[in-house]
Amino acid sequence: MAIKEVIQTINQMQADGVIECYAIGGAVGATFYLEPVATLDVDIFAGFKSEPGSLIVSPQPVFDYLKARGGTVEGEYIMIGGWPVRFLPPGTPLVEEALKESVTKEVDGTPARIFTAEHLAAIALQTGRAKDKARLLQFVEAGALDAARFQAIVARHGLLDAWRRFERQFLSDTG
Amino acid sequence: MSLDLQKILESKRALRRNLAARPVAEKLRMLDALRERELAIRGGAGHCGSSAPREEPAAYETKAKN
């Protein structure tokens with residue numbers, strides 16, 4: 001079981017032209033900036049190519065490519081290197097921007113595309129589950145965010161109210 | 001043994017800082033190990049079995065309509 005195998009497979013998939021671009025999000029993406037926190041799956045955001053003769057963008061070629069290389073599909077996940085991997089299109093303007101501005105980081109010589117810390121934090125604020133709020137708090141407490149950049153993303157994507165609520169709930173000294 | 005909460009909290013913060021500062025490859029290996037442990041605790045399959053536990057997916061898409 002190895003996340004590095006997931007990264008290598010996706011790099012190869014991109015090199016083979018199956019996807020245009022990708023970036024790792026979620027808990028695995030956050031691990032590039034924070035301490036590791038247990039997670040059960042890997043979220044990959046990808047720009048899918050449209051099929052020949054069609055304007056419709058589909059993740060089907062990704063599944064076909066991986067199945068042909070021994071991957072097994074389980075619901076919305078495909079198993080790579082023992083990890084359930086979910087391929088997601090950039091479904092919101094925030095995620096679209098995060099994918100566009102993602103960065104390359106090296107893992108033992110293997111390049112990996114990752115969302116920036118500020119985008120990961122803003123996406124956690126937007127999705128808003130308890131575990132997302134915990135992750136956002138981790139980013140803040142670890143001092144892993146460029147405050148000006150994060151504030152600009154929050155403002156640009158209509159998340160100012162959500163951020164104020166979060167600040168009141170978790171970052172206020174008076175509780 | 002004394003229960004000095006401040007000391008315990010500071011020690012935890014130091015541990016977290018130390019973990020966060022480790023090389024990425026090492027942190028990803030920790031994720032692999034954490035998942036193995038999580039699966040063992042949950043009693044799920046430790047391999048690609050369909051009974052492997054899943055997390056509640058984040059609603060990345062639904063927020064687009066807000």
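Residue numbering restarts at 1 for every chain, and letters A, B, ... go by the order of the sequence lines.
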Name, in order of residue number, those residues of residues 20-32 of chain A that have a heavy atom at a distance of less than 4.5 Å from a heavy atom in chain B; otherwise write 'none'. A:Gly26, A:Val28, A:Thr31, A:Phe32
Apply side-chain contact (heavy atoms from CB on, under 4.5 Å) to B:Leu39 and A:Leu40, showing your working. CA-CA 8 Å; B:Leu39 290 175; A:Leu40 293 172; 4.2 Å; yes
Determine, using the 4.5 Å side-chain heavy-atom cutoff (strictly less than), whether A:Leu137 and A:Ile123 are members of one ILVMFWY cluster. yes
Smallest heavy-atom separation, A:Leu34 atom then B:Lys27 atom, equals O-NZ, 2.9 Å
Count I, L, V, M, F, W, Y as connected when their side-chain heavy atoms are under 4.5 Å apart, and connections chain through other members. Are A:Trp83 and B:Val24 then in the same cluster? yes
Distance-only, no hydrogens or angles: does the A:Lys4 side chain make a donor-acceptor pair with backbone N or O of B:Arg29 under 3.5 Å? no
Counting only heavy atoms not in B:Arg37, do more than 12 sit closer than 6.0 Å to its CZ atom? no
Distance in Å, B:Leu34 CG paired with A:Thr39 OG1, rounded so as to fall on 0.5 Å steps: 10.0 Å
Please flag which part of A:Leu94 lies under 4.5 Å from any non-hydrogen atom of chain B: side chain, backbone, both or neither. neither
Between A:Glu35 and B:Ala20, the two heavy atoms sitting closest are N-CB, 3.5 Å
Below 4.5 Å, heavy atoms only, C-beta onward: do A:Glu106 and B:Pro23 meet side chain to side chain? no
Rounded distance [0.5 Å steps], CD1 in A:Ile7 versus CG in B:Leu28: 5.5 Å
Please answer: with hydrophobic residues joined when any side-chain heavy atoms are less than 4.5 Å apart, are A:Phe115 and A:Val37 in the same cluster? no
Side chain from CB out, backbone as N, CA, C, O: work out which of these in A:Lys131 comes under 4.5 Å of a heavy atom of chain B, or both, or neither. side chain
Atom CD of A:Glu5 and atom CG of B:Asp32: how far apart are they, to the nearest 0.5 Å? 9.5 Å
Quick one: list whatever passes salt bridge (Lys or Arg N to Asp or Glu O under 4.0 Å) with A:Glu167, sequence neighbours left out. none
Which bit of A:Tyr33 comes within less than 4.5 Å of chain B, counting heavy atoms only: side chain, backbone, both or neither? backbone
Can you sort out the partners of A:Glu76 under salt bridge (Lys or Arg N to Asp or Glu O under 4.0 Å), two or more places apart, ordered by chain and number? A:Arg86
Ignoring hydrogens and angles, tell me if any N or O in the side chain of B:Arg35 forms a donor-acceptor pair with the backbone of A:Asp41 under 3.5 Å. no
Would you say A:Val42 ends up clustered with A:Tyr65 if hydrophobic residues are merged whenever their side chains have heavy atoms under 4.5 Å apart, either directly or through other cluster members? yes
Would a hydrophobic clustering, with Ile, Leu, Val, Met, Phe, Trp and Tyr connected at side-chain separations under 4.5 Å, put A:Trp163 with A:Val95? yes
Strictly less than 4.5 Å between heavy atoms, which residues of residues 6-17 of chain B line up against chain A? Please order them by number. B:Arg16
